[in-house]
Amino acid sequence: MPPKIVCVTGPTACGKTTLGILLAKQFHGEIVSADSMQIYRGMTIGTAAPTLAEMQGVPHHMVAVAEPTEQWSAARYAEAAIPCVEDILSRGKLPILVGGTGLWLDAVVSGHGFAGGSAGGAVRRELQRLLDQRGVEPLLQELRQVDPESAERLHPSDEKRILRALEVWRETGKTISAHNAETKLLPPRYDAVWLGLRFENREDQRALIDLRVDRMVEAGLPAEVRALLQSGLPRDATALQAIGYKEFIAAAEGRVTESEAVEEVKLRSRQYAKRQLSWLRRNPALHWITWEKDRDFARALQISTEILQGAGVS
RNA sequence: GCCUCUGUAGCUCAGUUGGUAGAGCAGUGGACUGAAAAUCCACGUGUCGUUGGUUCGAUUCCGACCGGAGGCA
């Protein structure tokens, strides 16, 4: 039986961070963040990363451990996060994965490995150039030759995945279909107890997202964004794909007003929450804790505790 | 008060030379295996402002009225 760990997830603004810390205190746990943007330094406000005070002494890992100039991926994250989890286990503590990046959570919990290739790699750059210059069609043609299964599965508009499928082929000589089929047979790396937070009503979720965005602005999001820009961070940095940053860059450059940026961030955040839900909903192992109106953490902690104890976590 | 423009999906608007209408955005659902806060897919009935008239038939033409914008006084 693989080691037992806990995963706390849910759409943005649902209270993952708070519940994670409560559980860590109750079960002698340590937090391992699974958030594709909190991983970067200097992005505390806009990513709602926990501050030192909020952590309440609970050890946190994988938060603000990368420079915003770096390009992290699910694979790179797993490479760093798994040793973290192992270390926590070896010290007899409970690893609690907390985050809303579904793929990153799965990258740690499932035994799946990623196929070859990398973001900054030569093959990727070459394929990207081809794509920019001649469009998807040539890539799709080649993919149909070498990996008809993927070519059939992928929508012709899904350029990113078509590119990646070809990248895997060129890098490894193996198709991504074959890799995926093989890796799916591997047993899970951890025996995870999945806890998911969500709102009963979309309107409540929306209201909370709106409130949170307003607070981020009050807390200095515009200044945080300006500081990142002044540090010479390139525009195409992965870190700047974060919601809240690209919109406030536009405001900093005078292309939109600040209130337009605020509305845009709210909009993008609720669309993001919807995508998170659609990823999470297909996980049958996930125990949902539903907020009926306000976020009642005492109740959530009690429910979670029962679930964890029922699953043999102590 | 007069003149002109305008009133069509939650929003912005297109359109029907008269046969009851369609885009973008929003929204909802879904996908997702080295960018994932990214990327991609699917889903569009609404008294066509109200009310009379003309017509086999009006959202479309004509009149009145109501709302909005602008101009002239």
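Only a predicted model underlies this, so the values are computations on that prediction, with no experimental measurement involved. Chain naming here is simple, since letters A, B, ... match the order of the sequence lines and numbering starts at 1 in each.
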NA contact type, A:S36, heavy-atom cut-off 4.0 Å: base, sugar-phosphate, or nothing?
base
Nearest-angstrom distance, C1' atom, B:rG22 to B:rU54:
29 Å
Would you classify A:E263 as touching base, sugar-phosphate or nothing, given that sugar-phosphate means primed atoms plus P, OP1 and OP2, and contacts are heavy atoms under 4.0 Å?
nothing
Within the structure, does a side-chain N or O atom of A:R275 lie under 4.0 Å from either OP1 or OP2 of B:rC32?
no
Tell me, which of residues 139-157 of chain A have any heavy atom that sits under 4.0 Å from an atom in RNA chain B?
A:R153, A:H155, A:S157
Roughly how far apart, to the nearest Å, are B:rA64 and B:rC56 at atom C1'?
26 Å
State the dot-bracket string of RNA chain B. Criteria: Watson-Crick or G-U wobble, both atom distances under 3.5 angstrom; notation: ( ) intrastrand, [ ] crossing earlier pairs, | interstrand, . unpaired.
(((((((..((((.....[..)))).(((((.......))))).....(((((..]....)))))))))))).
Winner on side-chain proximity to A:M37, out of B:rG34, B:rA31, B:rA36, is B:rA36
Roughly how many Å is it from CD in A:E167 to C1' in B:rG34, rounded to a whole number?
7 Å
How is A:R268 classified with respect to the nucleic acid when contacts are heavy atoms under 4.0 Å: base, sugar-phosphate, or nothing?
sugar-phosphate
Looking at every heavy atom in both A:Y77 and A:M62, which two are closest together, and how far apart are they?
CD1-CE, 3.8 Å
Test: A:E218 and A:R215 ion pair at under 4.0 Å
no
A:L280 CG to B:rA31 P, in whole Å, measures 12 Å
Grab the CD-C1' distance between A:Q71 and B:rA38 for me, whole Å please.
11 Å
For A:E182, is there an ion pair with A:K174 - N to carboxylate O distance below 4.0 angstrom?
yes
With nearest nucleotide decided by heavy atoms, which residue, A:Q241 or A:G116, maps closer to the 5′ end of RNA chain B?
A:G116
Classify the side-chain pair A:Q38/A:T47 by whether it contains a donor and acceptor separated by less than 3.5 Å.
no
Mind checking A:D106 for me? I need base, sugar-phosphate or nothing, with any heavy atom below 4.0 Å counting as a touch.
nothing
Is a donor from one side chain sitting under 3.5 angstrom from an acceptor on the other, for A:T101 and A:D35?
no
C1' atoms of B:rA58 and B:rU20, separation to the nearest Å:
9 Å
Modelled atom types, side-chain donor and acceptor of A:H61 and A:E30, under 3.5 Å
yes
For A:L52, does the CG atom have more than 12 heavy-atom neighbours from other residues, nucleotides or ligands under 6.0 Å away?
no
For B:rC32, take OP1 and OP2 only and decide whether either is under 4.0 Å from a side-chain N or O of A:K160.
no
Sticking with atom C1', work out how far B:rA9 lies from B:rC2, rounded to a whole angstrom.
36 Å
Please measure how far the P atom in B:rU16 lies from the corresponding atom in B:rG27, and state the result in whole Å.
31 Å
Validate the cation-pi geometry between A:R275 and A:W279: distance from NZ or CZ to the six-membered ring centre under 6.0 Å, angle to the ring axis within 45°.
no
Taking any heavy-atom pair under 4.0 Å as a contact, classify A:G46: base, sugar-phosphate, or nothing.
base
Tell me whether the count of non-hydrogen atoms from other residues, nucleotides or ligands lying under 6.0 Å of CZ in A:R91 goes above 12.
yes
Sugar-phosphate, base or nothing in reach of A:T47, heavy atoms under 4.0 Å
base
Would you mind reading off the distance between A:D35 atom CG and B:rA38 atom P, rounded to a whole angstrom?
12 Å
Taking the side chain of A:D158 as heavy atoms from C-beta outward, which of B:rC32, B:rC40, B:rA37 is closest to it?
B:rC40
B:rA36 phosphate, OP1 or OP2, under 4.0 Å from A:W104 side-chain N/O:
yes
Nearest-Å distance, NZ (A:K246) to P (B:rU39)?
7 Å
Between B:rC32, B:rC40, B:rG34, spot the one nearest the side chain of A:R282, thanks.
B:rC32
More than 12 non-hydrogen atoms from neighbouring residues, nucleotides or ligands closer than 6.0 Å to CD on A:Q133, yes or no?
yes
Is the backbone N or O of A:G99 less than 3.5 Å from a side-chain atom of A:T9, with the two atoms forming a donor-acceptor pair by type?
yes
Integer-rounded Å distance: B:rA38 C1' and A:W72 CH2:
18 Å
Whole-angstrom distance between B:rC43 and B:rC48, as gauged at atom C1'
22 Å
If I take atom CG in residue A:L221 and atom P in nucleotide B:rA37, what distance separates them, rounded to the nearest angstrom?
17 Å
Flag for A:E70-A:W72: side-chain donor and acceptor within less than 3.5 Å
yes
Rounded off to whole Å, could you give me the NZ-to-C1' distance for the A:K174 and B:rG34 pair?
15 Å
Which atom pairs link the protein and nucleotides 27-29 of chain B when you take only N or O atoms and keep those under 3.5 Å?
unit_1, atom_1, unit_2, atom_2, d
B:rG27, OP1, A:R270, NE, 2.6
B:rG27, OP2, A:Q271, NE2, 2.8
B:rU28, OP1, A:R202, NH1, 2.8
B:rG29, OP1, A:R202, NH2, 3.4
B:rG29, OP2, A:R202, NH1, 3.1
B:rG29, OP2, A:R202, NH2, 3.1
B:rG29, N7, A:K274, NZ, 2.7

Tell me whether the side-chain N or O atoms of A:R161 pair up with the base of B:rA38 as donor and acceptor below 3.5 Å, since no angle test is needed here.
yes
Is it the case that A:R198 places NZ or CZ above or below the six-membered ring of A:W291, under 6.0 angstrom from the centre and within 45 degrees of the axis?
no
How far does the C1' atom of B:rU12 sit from the matching atom of B:rU17, given to the nearest Å?
27 Å
With rounding to whole Å, what would you report as the distance between B:rA14 and B:rG71 at their C1' atoms?
27 Å
With a non-hydrogen cut-off below 4.0 angstrom, is A:A107 in contact with a base, only sugar-phosphate, or nothing?
nothing
Could you tell me whether A:R161 and A:D158 have a side-chain N and a carboxylate O separated by less than 4.0 Å?
yes
